[in-house]
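Values below: every heavy atom of this structure, side chains too, minus hydrogens, waters and symmetry copies.
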Amino acid sequence: MDYQFKDIEKKWQQFWADHQTFKADNLSPKPKYYVMDMFPYPSGAGLHVGHPLGYIASDIFARYKRLKGFNVLHPMGYDSFGLPAEQYAIQTGQHPAITTEDNIATYRRQLDQIGFSFDWSREVRTSSPDYYKWTQWIFMELFNSWYNKAADKAEAITTLAEHFEKHGSKGINAASDEEVLTFTADDWKAFTSEEQQKELLKYRLTYLRESTVNWCAALGTVLANDEVKDGFSERGGYPVEQKKMMQWSMRITAYAERLLQGLDTIDWPEPLKEMQRNWIGKSVGASVKFGLTPTLSSGEGANSTKDSSSLSSGEGWGEAYIEVFTTRVDTIFGVTFVVLAPEHELVSQLTTPEQKATVEAYIAQTKKKSELDRMADTKTVSGAFTGSYVLNPLNGEKIQLWIADYVLAGYGTGAVMAVPSGDQRDYLFAKHYNLPIVPIMDIQNIEVEADPTKEGKYINSDFINGLEYKEATAAVIAKLEEVGAGKARVNFRMRDAIFGRQRYWGEPVPVYFKDNLPHLISESELPLLLPEVDKYLPTESGEPPLARAADWHYTLSSGAGQGEAFSYELSTMPGWAGSSWYWYRYMDAHNETEFASKEAIEYWKDVDLYIGGSEHATGHLLYSRFWNKFLKDIGKVVEEEPFKKLINQGMIQGRSNFVYRLVDEEGRPTNTYVSHGLKDQYKTTPLHVDVNIVTNEILDLDKFKKWRTEYETAEFILENGKYICGVEVEKMSKSKFNVVNPDDIIERYGADTLRMYEMFLGPLEQSKPWNTNGIEGVFKFLRKFWRLFHNDQWEFTVANEAPTKAELKALHKIIRKVEEDIERFSFNTSVSSFMIAVNELTDLKCNKRAILQDMVVILSSYAPHICEELWVQLGNPAGTLSYAAYPKFNPEYLIEDDFAYPISINGKTKMNLNIPLSLDVKDTEAFVLANADVQRYLDGKAPKKVIVVKGRIVNMVV
RNA sequence: GCUCAGAUGGUGGAACUGGUAGACACGCAGGACUUAAAAUCCUGUUCCCGUUAAAGGAGUGCGGGUUCGAUUCCCGCUCUGAGUACCA
């Protein structure tokens with residue numbers, strides 16, 4: 001029979017499902033291999049042809065690894081909490097769980113059609129209670145932990161409480177809030193239980209505190225930094241403003257250094273690592289305290305962070321100071337002013353009465369500027385003098401204190417020491433306000449701009465004069481430490497991640513409030529189920545949707561306060577909560593007593609290959625690494641990094657087609673459409689046309705007329721009897737009529753063709769537009785492959801004779817090629833090689849079992865359905881192909897007796913010459929020179945030089 | 001501005017450590033089969049000049065360099081895409 005892909009594919013998909021062919025075993029003597037895809041959010045639109053690209057690549061890899069003898073874990077699930085289902089619920093009143101369920105069904109149907117070798121018995125859904133029970137459990141573990149910097153790991157919060165009990169706050173080096181108390185053991189014991197809890201909260205790895213958040217009014221929720229792009233929400237593009245709110249946060253900054261270091265140990269694309277490094281933003285420098293002047297302290301408006309009374313002590317600096325962060329502490333003698341962010345908390349106190357009006361006007365002006373304006377307008381210099389002065393801690397020099405919006409409140413200490421000779425922003429500021437600029441390097445050129453050089457020797461710099469950069473930095477830091485005015489410090493740009501969302505469709509936070517303090521519910525009460533609500537909107541008083549849940553309160557089953565009803569936390573967890581640990585759930589998806597068993601985790605360990613898009617660089621991929629490190633610290637998992645190797649598949653863009661509608665003199669649209677090549681001779685407007693009625697840019701006129709009623713009577717101006725459409729690459733979207741659905745492709749060509757064509761399109765990592773033109777080539781290839789096994793009457797016919805040398809050569813070439821290609825994720829080149837191999841075997845009229853059976857195994861990772869069918873027809877038991885052995889490459893079959901050397905003169909190839917490979921370099925040269933054609937090219941002259949690279953090339957210089 | 005990735009026929013792309021540029025496929029042109037069409041098969045297809053065939057020249061974004069030899073390595077530039085942005 002001819003190649004009937006529909007019957008074949010249906011049959012084998014059914015077989016795999018019925019026999020659970022791809023179920024992975026948690027106990028196996030085989031080496032493990034874990035191949036995972038970024039699980040999808042099941043949107044209402046279903047899959048388009050771009051979505052499965054990465055899944056196909058990972059599936060080929062997973063199937064290949066099975067053939068190579070690995071026990072492969074290749075699971076799939078759904079990231080099913082999220083905003084779109086909730087937005088839909090708000091509009092229609094439909095419960096998000098129902099839409100989510102429907103969407104998952106669509107996704108599953110579409111995925112099944114493509115023939116993936118997923119182990120569906122391990123499917124996870126983040127919105128399912130038996131899954132989010134464990135997300136809540138991890139949250140509780142984080143709440144119960146603090147980060148001990150001395151041990152460089154997370155520890156149980158009880159160890160911190162014990163330390164406070166014994167030693168007070170002394171000797172604790174922890175990741176914590178900024179304002180923690182200093183107290184003795186006796187102080188601690190004297191604290192009320194609430195006071196103790198309040199203090200512990202400042203150390204917990206997930207904590208509640210008043211913080212400035214990205215508030216998106218249109219979405220009614222806060223957003224994490226990575227969910228905000230240029231002042232607008234990443235989803236929906238709504239404006240985002242800064243707002244102070246009581247919020248749950250994750251103390252990811254505790255792990256900043258480990259997150260940075262870990263990047264060097266994993267095999268990820270360099271650009272992606274770079275993005276994470278930038279996001280973490282480590283800078284090494286020093287913090288320096290600029291003391292407030294005593295003159296000021298006795299005057300109006302003086303105050304300090306600690307204790308203003310000590311200012312009169314005459315120390316000059318000491319208790320009252322401005323702290324700055326700098327990466328160039330060596331330039332401290334070039335400081336000519338200090339600048340605070342306008343939002344700095346000490347600004348109002350440090351403004352003198354004379355400057356009050358100016359400063360307040362400036363603050364009002366900067367407040368008006370939106371975040372966007374402030375970013376866009378980096379050229380204009382603006383600021384205001386506070387009237388106050390600070391003292392340089394190393395030479396006591398009196399320095400003006402300014403405010404300016406080029407200093408950001410959220411970075412470092414919100415204050416900078418300005419060195420106009422070395423920093424361009426400080427330079428412009430100094431020029432604009434006529435502040436002094438002092439050179440500090442002998443070779444510095446500061447005539448037109450700042451010169452940040454580290455070369456040369458210091459001048460105007462007190463005790464470091466004449467020194468070089470390295471020794472000067474060390475000397476300054478030593479001196480600062482000696483006088484107690486500063487120390488070496490590392491600063492990170494990364495902030496703690498906001499962990500609450502004022503939304504409905506997310507994991508409830510397992511916390512209730514008693515005396516205004518958060519408490520965990522008991523572990524036995526997990527999962528804390530998402531309650532039913534009448535509407536999915538915030539309440540009239542602005543509380544999150546969960547406040548609408550009737551009768552939703554926490555009651556203590558025992559102890560103090562028993563029977564009393566406490567209110568639950570009303571915000572839910574953000575979208576990234578469920579995706580920050582899901583690879584562990586796949587290891588042991590149905591465990592009811594743990595998130596995954598110890599045995600399962602110790603067997604599977606980590607993800608060997610993770611494939612997904614680069615858009616998750618600073619979100620999911622960073623949070624996942626953070627949670628993984630935490631779980632490692634508390635002894636629940638074994639690897640420091642969760643994803644050993646990661647590959648970003650490129651985005652599949654849309655390829656839009658256009659028709660050109662003629663417009664008349666007055667600019668009114670007509671009913672006539674001009675072909676692309678002639679459109680410049682007319683006045684036209686381009687209109688998107690459905691790419692599914694266009695083939696090789698030629699418009700199907702009948703389909704076009706039927707497409708929409710307005711085109712029913714359309715007329716055309718054709719070129720060469722055809723209507724040619726215009727082309728443009730855009731995002732794939734419904735409104736551009738360029739969406740290609742995999743279902744349609746499978747209907748016409750089958751899943752095997754789709755799989756191979758998606759790979760054939762180009763390198764996996766590269767972004768490229770989808771173009772269905774060309775899919776015929778892959779389809780023809782599969783038919784040609786099928787034909788190798790069949791005679792002219794389409795009867796299955798294979799011969800048992802021994803293969804010829806040529807046949808073995810064709811086979812072993814492809815055995816090696818595909819192996820090499822898959823190992824380096826170059827799937828597109830494999831497809832070409834398969835075509836070459838089948839073309840060769842077709843030319844050789846090869847139908848020998850010894851060749852074809854191995855071909856079936858090699859091709860089966862790419863085109864599994866057709867191969868299963870042929871495998872069985874070859875007489876093998878059904879279902880054994882997936883676990884067959886990849887054929888062994890034998891280099892002997894590729895050994896050649898001679899080689900057609902390209903003979904070139906001065907690097908230009910002139911001819912080819914067959915020369916036995918048994919000849920050595922010298923004999924080869926003689927062989928070439930003896931050739932009559934070569935002599936003709938040389939025109940009788942002897943070449944100056946002859947280069948012979950054995951088995952590659954002969955080059956003659958004349 | 002900074003960082004990264006990329007630029008090869010009409011199109012998607014190949015050429016792995018410097019060694020025959022354009023594999024493989026699409027498209028296009030011509031042919032076979034057919035009453036015809038579809039399907040299938042065969043031949044050609046980087047460009048220029050020339051043409052029965054040949055022979056010749058140019059050629060991997062642009063300009064230089066290293067080398068017997070460069071799509072590949074080095075320097076400078078242009079363009080495209082992505083990320084990031086007053087980070088002290």
I want to verify a distance call: between [options], whose nearest atom is closest to the [X] side chain?
{"X": "A:Val407", "options": "B:C24, B:U40, B:A88", "value": "B:A88"}
{"X": "A:Arg425", "options": "B:C87, B:G19, B:C24", "value": "B:C87"}
{"X": "A:Pro902", "options": "B:G57, B:C68, B:U20", "value": "B:U20"}
{"X": "A:Phe760", "options": "B:C24, B:A14, B:G57", "value": "B:C24"}
{"X": "A:Thr909", "options": "B:U20, B:C68, B:A39", "value": "B:U20"}
{"X": "A:Arg787", "options": "B:G13, B:U40, B:U20", "value": "B:U40"}
{"X": "A:Lys910", "options": "B:G57, B:A23, B:C86", "value": "B:G57"}
{"X": "A:Glu820", "options": "B:C16, B:A15, B:U3", "value": "B:C16"}

For this session: Could you classify B:G64 for me, syn or anti, using a glycosidic angle within 90° of 0 as syn?
Result: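 B:G64: anti glycosidic orientation.
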
Exercise. Parallel, tilted or perpendicular: which fits the ring planes of A:Trp786 and A:Tyr3, with parallel below 30° and perpendicular above 60°?
Worked result: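 It falls in the tilted class, 30° to 60°.
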
For this session: Would you please classify the geometry between the A:Phe781 ring and the A:Phe834 ring as parallel, tilted or perpendicular, with 30° and 60° separating the classes?
Result: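 Plane angle between 30° and 60°, so tilted.
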
Just N and O in the side chain of [X]: are any of them under 4.0 Å from OP1 or OP2 of [N]?
{"X": "A:Gln766", "N": "B:G13", "result": "yes"}
{"X": "A:Arg277", "N": "B:U84", "result": "no"}
{"X": "A:Ser283", "N": "B:A88", "result": "yes"}
{"X": "A:Lys780", "N": "B:C26", "result": "yes"}

For this session: Check whether NZ of the Lys or CZ of the Arg A:Lys454 lies under 6.0 Å from the centre of the six-membered ring of A:Tyr469 and within 45 degrees of that ring's axis.
Result: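 Yes, a cation-pi geometry holds between A:Lys454 and A:Tyr469.
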
Exercise. For the side chain of A:Ser675 and the backbone of A:Ile724, is there at least one donor-acceptor N/O pair under 3.5 Å apart?
Worked result: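 Such a contact is found between A:Ser675 side chain and A:Ile724 backbone.
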
Exercise. Does any N or O in the side chain of A:Ser830 come within less than 3.5 Å of the main-chain N or O of A:Ile822, such that one atom is a donor and the other an acceptor?
Worked result: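 Looks like no, no N/O pair under 3.5 Å.
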
Name the nucleic acid region contacted by [X], choosing base, sugar-phosphate or nothing; use a 4.0 angstrom heavy-atom cut-off, strictly under.
{"X": "A:Phe781", "result": "nothing"}
{"X": "A:Asn828", "result": "sugar-phosphate"}
{"X": "A:Asn955", "result": "base"}
{"X": "A:Val949", "result": "base"}
{"X": "A:Pro769", "result": "nothing"}
{"X": "A:Asn912", "result": "base"}
{"X": "A:Ile947", "result": "base"}

[X] [atom1] to [N] [atom2], straight-line distance once rounded to whole Å:
{"X": "A:Arg493", "N": "B:U84", "atom1": "CZ", "atom2": "C1'", "answer": "7 Å"}
{"X": "A:Asp821", "N": "B:C24", "atom1": "CG", "atom2": "C1'", "answer": "12 Å"}
{"X": "A:Leu764", "N": "B:G6", "atom1": "CG", "atom2": "P", "answer": "15 Å"}
{"X": "A:Glu823", "N": "B:C16", "atom1": "CD", "atom2": "C1'", "answer": "14 Å"}
{"X": "A:Gln424", "N": "B:G1", "atom1": "CD", "atom2": "P", "answer": "15 Å"}
{"X": "A:Tyr749", "N": "B:C26", "atom1": "OH", "atom2": "P", "answer": "11 Å"}
{"X": "A:Met956", "N": "B:G69", "atom1": "CE", "atom2": "P", "answer": "15 Å"}

For this session: Please report the closest heavy-atom contact between A:Ile647 and A:Leu764, naming both atoms and the distance.
Result: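 In this case the closest contact between A:Ile647 and A:Leu764 is CG2-CD2, 4.0 Å.
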
Problem set entry | B:A39 to B:G61 separation - P atoms, rounded to the nearest Å |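 Here B:A39 and B:G61 have their P atoms 37 Å from each other.
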
For this session: Sticking with atom P, work out how far B:G19 lies from B:G10, rounded to a whole angstrom.
Result: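 So the two P atoms sit 25 Å from each other.
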
Exercise. Which residue lies toward the 5' end of RNA chain B, A:Asn773 or A:Gln653, if each is placed at its nearest nucleotide?
Worked result: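 Its nearest nucleotide being more 5', the pick is A:Asn773.
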
Exercise. When the ring centroid of A:Phe290 is compared with that of A:Tyr321, is the distance short of 6.0 Å?
Worked result: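 That pair fails the under 6.0 Å test.
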
